Amino acid sequence: MPLLQFDLIQGRSQAELRTLLDAAHRAVLTAFKVPDRDRYQIVHENKAYQMVFQDTGLGFTRSDNLVMVRVFTSPRSEAQKTLFMAELARELQENCGIEGKDLMISFITNEKGDWSFADGEAQYLTGKL
């Protein structure tokens, strides 16, 4: 059950955001093999001056098309994470015109008992999931 949080510079249309979220969900489905309705996404739109993302010395420049994705998830293998990163970059390039240099991804790992999907119940722990 990954939860994806997107930070981007404001100005995209509702249709552009929907395309971005759909592309990201396809990457989740491919990399993590979760059910289709296992979809949790949040978009935060920021003013350009509120996002400072340099290159960590890698020698490239980012544009205002920047997308930062935080993936909150139970532990995933390195292969799954690597596949997700590549699939997300491909999907965003092909469907949204977002260049790879404008995509930054960070994984935040938690355990299944850290999730409640409704009613204050830890469904992974109770066996419902």
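Along the sequence shown, residues are numbered consecutively beginning with 1. Here the structure is a predicted model, which is why all the values come from computation and not from measurement. Atoms considered below: every heavy atom in the structure, side chains included; atoms not considered: hydrogens, waters and symmetry mates.
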Return yes if some donor-acceptor pair links the side-chain N/O of His25 with the main-chain N/O of Leu20 below 3.5 Å, else return no. no

According to a hydrophobic-cluster definition based on side-chain heavy atoms being under 4.5 Å apart (Ile, Leu, Val, Met, Phe, Trp, Tyr only), do Met85 and Met68 belong together? no

Residues 30-87 vs ring pair (Phe, Tyr, Trp, His ring centres under 6.0 Å), sequence neighbours excluded, gives Phe32-Phe84, Tyr40-Phe117, Phe84-Phe107

Kindly say whether Gly59 contributes a backbone atom to a donor-acceptor pair with the side chain of Asp55 at under 3.5 angstrom? yes

Shared hydrophobic cluster, Met51 / Ile98 (ILVMFWY, side-chain heavy atoms < 4.5 Å): no

Student check: side-chain heavy atoms of Val69 and Leu88 closer than 4.5 Å: yes

Look at the side chain of Asp114 and the backbone N and O of Glu111, then say whether any donor-acceptor pair between them is shorter than 3.5 Å. yes

So, for Thr109 and Ser74, which heavy atoms are closest and what is the spacing to 0.1 Å? CG2-C, 4.0 Å

Same cluster for Ile42 and Val28 if Ile/Leu/Val/Met/Phe/Trp/Tyr side chains link at under 4.5 Å? no

Are Leu92 and Leu4 joined in one hydrophobic group, where the rule is that I, L, V, M, F, W and Y side chains link up if heavy atoms are under 4.5 Å apart? yes

Evaluate the side chain to side chain contact (heavy atoms under 4.5 Å, CB included) criterion for residues Leu3 and Thr73: first the C-alpha distance (whole Å), next the side-chain angles of each, then the deciding distance (0.1 Å), finally the verdict. CA-CA 7 Å; Leu3 164 64; Thr73 185; over 6 Å; no

For Ile9 and Glu45: C-alpha separation, side-chain torsions, deciding distance, then whether side chain to side chain contact (heavy atoms under 4.5 Å, CB included) applies. CA-CA 5 Å; Ile9 295 172; Glu45 294 184 277; over 6 Å; no

What one should report as the nearest heavy-atom pair of Ala122 and Gly113 is CB-O, 4.4 Å

In this structure, would Phe6 and Ile105 fall into the same cluster of hydrophobic residues linked by side-chain contacts under 4.5 Å? yes

Whether Glu94 side chain and Glu91 backbone form a donor-acceptor pair below 3.5 Å: no

Asp36 with Arg26: basic N within carboxylate O range, under 4.0 Å: no

On a heavy-atom basis, the closest approach of Leu66 and Leu8 is O-CB, 3.6 Å

With sequence neighbours left out, which residue pairs that include part of residues 58-67 fulfil the side-chain hydrogen bond (donor to acceptor under 3.5 Å, both in side chains) condition? Arg12-Asn65, Ser63-Asp102

With sequence neighbours excluded, what pairs up with Thr126 under the side-chain contact (heavy atoms from CB on, under 4.5 Å) test? Glu121, Gln123, Lys128

Within the side chain of Gln41, is there an N or O that forms a donor-acceptor pair under 3.5 Å with the backbone of Leu21? yes

Is Asp7 salt-bridged to Arg70, cutoff N-O under 4.0 Å? yes

Taking the side chain as every heavy atom from C-beta outward, state whether Asp22 and Arg39 have any pair of such atoms under 4.5 Å apart. yes

Identify the two heavy atoms, one from Asp38 and one from Pro2, that lie closest to each other, and give their separation to 0.1 Å. OD2-CD, 4.4 Å

Verdict with supporting geometry, Thr19 and Leu17, side chain to side chain contact (heavy atoms under 4.5 Å, CB included): CA-CA 5 Å; Thr19 300; Leu17 290 174; over 6 Å; no

Minimal heavy-atom distance between Leu83 and Thr30, with the atoms involved, is CD2-O, 3.9 Å

